[in-house]
Amino acid sequence: MGPDGKRTHHCGLLRAEHAGAKVTLNGWLETIRDHGGVVFGSLRDRSGIVQIVFKEPPREPLRPEYVIAVAGEVRLRPEGMRNPDLPTGAVEVAVRELAVLNPSRPPPFEVASFAQEEPNEEVRLRHRFLDLRRPRMQRNIAVRHRISQLVRRYLDEQGFLEIETPFLTRSTPEGARDFLVPCRLNPGTFYALPQSPQLFKQLLMVAGFEKYFQIVRCFRDEDLRADRQPDFTQIDIEMSFIDETDVRRLIDGMLHLLFKSILAIELPLPIPAITYDEAMARYGCDRPDLRFGAPLTDLCALLADSEVPFLREGAARGAAIGLAVPEKGAFTRARIEELATAAATDGGAGFVWLRRAAGALSGPGAKAFKGAREGALVEALGLADGDLAFILAGGNSPALRAACGALRTRLGRELGLAPAGKFAPTWVVDFPLFQRDEERGGFTAVHHPFTAPREEDLELLERDPARVKARAYDIVVNGVEIGGGSIRMHRREVQEAAFKAIDIGPEEARARFGFLLEGLSYGAPPHGGIALGLDRLAALLTGETSIREVIAFPKTQRGSCLLTEAPAPVSDAQLMELGIALKPPPGPAAPVSGS
RNA sequence: GGGGCCGUAGCUCAAUUGGUUAGAGUACCGGACUGUCGAUCCGGAUGUUGAGGGUUCGAGUCCCUUCGGCCUCGCCA
């Protein structure tokens, strides 16, 4: 070993062909197995694990997670002592020299590759540097890297330019809550961290770059979820002189490349599309999980003359839905009632349920389907033997659909209806442009206020905004929204008309988005784009259910980082410099001290 | 802001209906051992039961408050 102990080889790459080689390895000691006369260790670096052997006891104490350098000779292991579970299992390194580069305190949890007990997430996040040392996390982070690199190369080959946009920018109080950053140079003013580079990428199109992309951090101050962090990463794309199909084919190709490179799965192209209306009708959800069937079935016609009052009345109001799943007796009666009750409550409806077994219907709902109606129900729902069916009726149609959609998702999860390893990507298209704002009245943009309406709906913009369809598209895989985008309005008049439809007057539009309107009036080309959630994509491709598993340093549900303990108070001096005074915390007045 | 689950040794968990000194595996410390590979064997030490309050003869267990983690509804153009 040289004086610096630098490695000549990587642990996980040693093979029989290296036998006889003099090597120096650096890494972390995974385990130490001391037999008195002979001592074995497993040495780990990023590439993997190899066994090291000390024929004489090491002079320094060795413990798990010590960082060491060893020099010695690669040897074939004696016959019968190979380890078939290890890629390096045919060899071992006989150590002649050892240097402890750095000892380690006993780790709070086992880092070793064989460790089965998963420490709880709080402990993992508090010691994230150790958690990330575990093989699973090493792999996840490496896959994420692969995705980024593949995407960069793909888009570069397609002629895209990677262009950065500012993080310190202007608050545009549409959409999510902004994170604000006080500006010292102009007391009382604030930057906002971008919710997305939306306006900048459109202006880059005005600027004539034609094809832009960026793998970029976005910031939204909203509540967290398993698939939502306050700062998250988008693959952001914008193109000029294109239509919806161009964007979709571009992303089809990107996903095909990613699935092939990372999972060795050949996605059939083109990725199919379903309209928003169809998704809502069949799955009660705008991001349906198409890995399994169990579509919602409209039973209004079948139930129009039902003897059961609530079924008949629901059908008359256009709110009667049936749903069948291959349950095969997996649920208890109580569980079925629980699931149905929850859905019925959410949908403002009543319910019955029944089973089909040995060709006959049974269960509390069976008596509502006697005689001819039985066959009609079996056919309508495609009821097979072992199926469980829910029939919900009442309330209003959209609410009932949503409730049934949630029920379907839940049944899919609890019954394991989605085959493992299956991926069902789909585009969702023809979204409405606007939705009613229940709180404030009027309309808000479904996607964002820069999304173009369909050409044929332009005249509806003023007359009947609810019926305007958007040139927007979401890409959904296995019930997860991976990304979404739209063709934008590139003509100023259309953009202003759209603002008007969502009650943004000319002054307000100028104040908030003046620079965009300006840009649009100087020869903006037709353009559109999309943004994909890199975190969600990485979770999907690693098989993780939370994006925290593919983010090196994620935040908890309360938005704090358990490692750095951010967010944290700042000093009075810092606040003073920024011209910021904190209000006293709310709550009961502090008791008078003393006496 | 609402609903749900959870918090016991460094870690993963147990602890009967509220009842003796809160246990186990693992990690840790000491010892033995020349072919293990999650080594084995012998021995040892390890607790603010998240925190605070209450009920009770007695609380890990019941009640209230609070802190923290997770899931979820709202929210997330």
Side-chain angles (χ1 to χ4, degrees), chain A residues 30-43 49-57 61 63-65 75 77-86 88-89 92 94 105-127 130-131 172-178 195-196 198-199 218-230 232 342 345-346 402-403 406 409-410 413 431 433-435 437-439 443-451 470 472 481 484 486 498-499 502 504 512-513 531 533 545-546 548 555-558 560 562 565:
Chain A
E30 177 143 304
T31 53
I32 186 91
R33 301 178 290 278
D34 187 345
H35 289 247
V38 60
V39 178
F40 299 94
S42 298
L43 189 64
I49 289 167
V50 71
Q51 171 158 287
I52 57 177
V53 194
F54 298 85
K55 290 291 184 181
E56 289 167 16
R63 311 228 183 304
E65 301 312 318
R75 288 195 196 145
R77 295 202 200 177
E79 198 60 46
M81 290 163 196
R82 304 200 170 137
N83 185 346
D85 300 330
L86 231 49
T88 60
E92 61 191 9
R105 293 165 60 188
F109 50 83
E110 264 182 315
V111 174
S113 51
F114 52 77
Q116 287 173 357
E117 283 175 343
E118 179 90 341
N120 78 49
E121 199 169 352
E122 202 171 341
V123 175
R124 292 174 56 202
L125 292 177
R126 222 175 279 288
H127 305 274
L130 287 175
D131 187 40
T172 52
E174 195 71 24
R177 202 173 291 114
D178 282 322
Q195 296 175 25
S196 85
Q198 180 62 36
L199 299 177
C218 302
F219 306 87
R220 293 178 192 176
D221 185 9
E222 298 293 347
D223 285 3
L224 288 81
R225 288 281 193 287
D227 61 354
R228 278 161 34 187
Q229 286 272 305
F232 63 100
T345 306
D346 286 348
T409 302
R410 208 160 164 187
R413 190 173 56 240
F431 281 82
L433 188 58
F434 303 113
Q435 66 197 349
D437 188 328
E438 305 297 344
E439 277 174 39
F443 289 93
T444 58
V446 169
H447 188 58
H448 58 50
F450 319 110
T451 295
E481 184 195 328
S486 64
F499 280 151
I502 53 174
I504 299 180
R512 277 157 59 170
F513 309 110
T545 52
S546 162
R548 291 188 301 275
K555 291 174 180 61
T556 70
Q557 197 158 55
R558 295 174 103 87
S560 59
L562 297 180
E565 296 185 324

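Note that these values count all heavy atoms, side chains included, but never hydrogens, waters or copies made by symmetry. Labels below follow one simple rule: chain letters A, B, ... track the order of the sequence lines, proteins then strands, and each chain is numbered from 1.
The same atom, P, is picked in B:U55 and in B:C73; the two are 41 Å apart, to the nearest Å. Rounded to a whole angstrom, the distance from the P atom of B:G30 to that of B:U72 is 46 Å. Rounded to whole Å, the separation between the P atoms of B:C42 and B:G47 comes to 24 Å. Going from the P atom of B:A45 to that of B:U8 covers 24 Å, rounded to whole Å. Taking atom C1' in both B:U61 and B:G25, the straight-line distance is 23 Å, to the nearest Å. Straight-line distance between the C1' atoms of B:U40 and B:G23: roughly 24 Å, to the nearest whole Å. Across the P atoms, B:G31 and B:A59 are found 43 Å apart, a figure rounded to whole Å. A distance of about 27 Å separates the P atoms of B:U17 and B:G54, rounded to the whole Å.
Under 4.0 angstrom from either OP1 or OP2 of B:U40 there lies no side-chain N or O belonging to A:Arg33. Between A:Thr556 and the phosphate of B:G69, there is a side-chain N or O to OP1/OP2 separation shorter than 4.0 Å. Under 4.0 angstrom from either OP1 or OP2 of B:G69 there lies at least one side-chain N or O belonging to A:Ser560. The phosphate of B:C71 has OP1 or OP2 within less than 4.0 Å of a side-chain N or O from A:Gln557. Side-chain nitrogen and oxygen atoms of A:Arg63 include at least one within less than 4.0 Å of the OP1 or OP2 phosphate oxygen of B:C29. Within the 4.0 Å cut-off from OP1 or OP2 of B:A27, not a single side-chain nitrogen or oxygen of A:Arg105 is found. An OP1 or OP2 oxygen of B:G68 is reached within less than 4.0 angstrom by a side-chain nitrogen or oxygen of A:Arg558.
Heavy atoms of A:Arg82 sit under 4.0 angstrom from at least one base atom. Within the 4.0 angstrom heavy-atom criterion, no nucleotide atom of any strand lies near A:Ala112. As judged by a 4.0 angstrom heavy-atom cut-off over every strand, A:Val446 is placed among residues touching the sugar-phosphate backbone only. No contact: A:Glu30 has no heavy atom under 4.0 Å from any strand.
Atom CD in A:Glu122 sits roughly 14 Å away from atom C1' in B:C5 (whole-Å rounding). The interatomic distance linking A:Arg220 (CZ) with B:C75 (P) rounds to 15 Å, in whole Å.
A salt bridge links A:Glu121 to A:Arg548: one of the charged nitrogens lies within less than 4.0 Å of a carboxylate oxygen.
Nucleotide B:G44 is matched to B:C28 when pairs are restricted to Watson-Crick or G-U wobble geometry with both distances under 3.5 angstrom.
Comparing A:His35 and A:Pro119 by the nucleotide of RNA chain B that holds the closest heavy atom to each, the one mapping nearer the 5' end is A:Pro119. Taking the nucleotide of RNA chain B with the nearest heavy atom to each of A:Leu562 and A:Val53, the more 5' of the two is matched to A:Val53.
Side-chain atoms of A:Gln116 come within donor-acceptor range of the base of B:G38, with a qualifying N/O pair under 3.5 Å. Evaluation of atom-type donor-acceptor distances gives a pair under 3.5 Å for the side chain of A:Arg77 against the base of B:U36. The base of B:C76 lies close enough to the side chain of A:Arg228 for a donor and an acceptor atom to sit less than 3.5 Å apart. One donor-acceptor pair, N or O on each side, does fall under 3.5 Å between the base of B:C37 and the side chain of A:Asn83. In terms of polar N and O atoms assigned as donor or acceptor, the side chain of A:Asn120 never comes within less than 3.5 Å of the base of B:G7 in a complementary pairing. Within 3.5 Å, a donor on the side chain of A:Gln51 pairs with an acceptor on the base of B:U36, or the reverse. At a cut-off of 3.5 angstrom, the base of B:G74 holds at least one donor-acceptor pair with the side chain of A:Arg225.
Rounded to the nearest 0.5 Å, atoms CG (A:Leu43) and CD (A:Glu92) are 13.5 Å apart.
Distance alone, capped at 3.5 Å, is enough to place a donor-acceptor pair between the A:Gln195 side chain and the A:Ala176 backbone.
The aromatic rings of A:Phe513 and A:Phe499 sit parallel to each other, their planes meeting at less than 30°, with 60° as the upper class boundary.
A distance cut-off of 5.5 Å between ring centres, combined with a plane angle under 30°, places A:Phe40 in a stacking arrangement with the base of B:U36.
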Item to check | Check against side chain to side chain donor-acceptor pair (under 3.5 Å), A:Ser42 and A:Arg33 | outcome: CA-CA 9 Å; A:Ser42 298; A:Arg33 301 178 290 278; 3.1 Å; yes

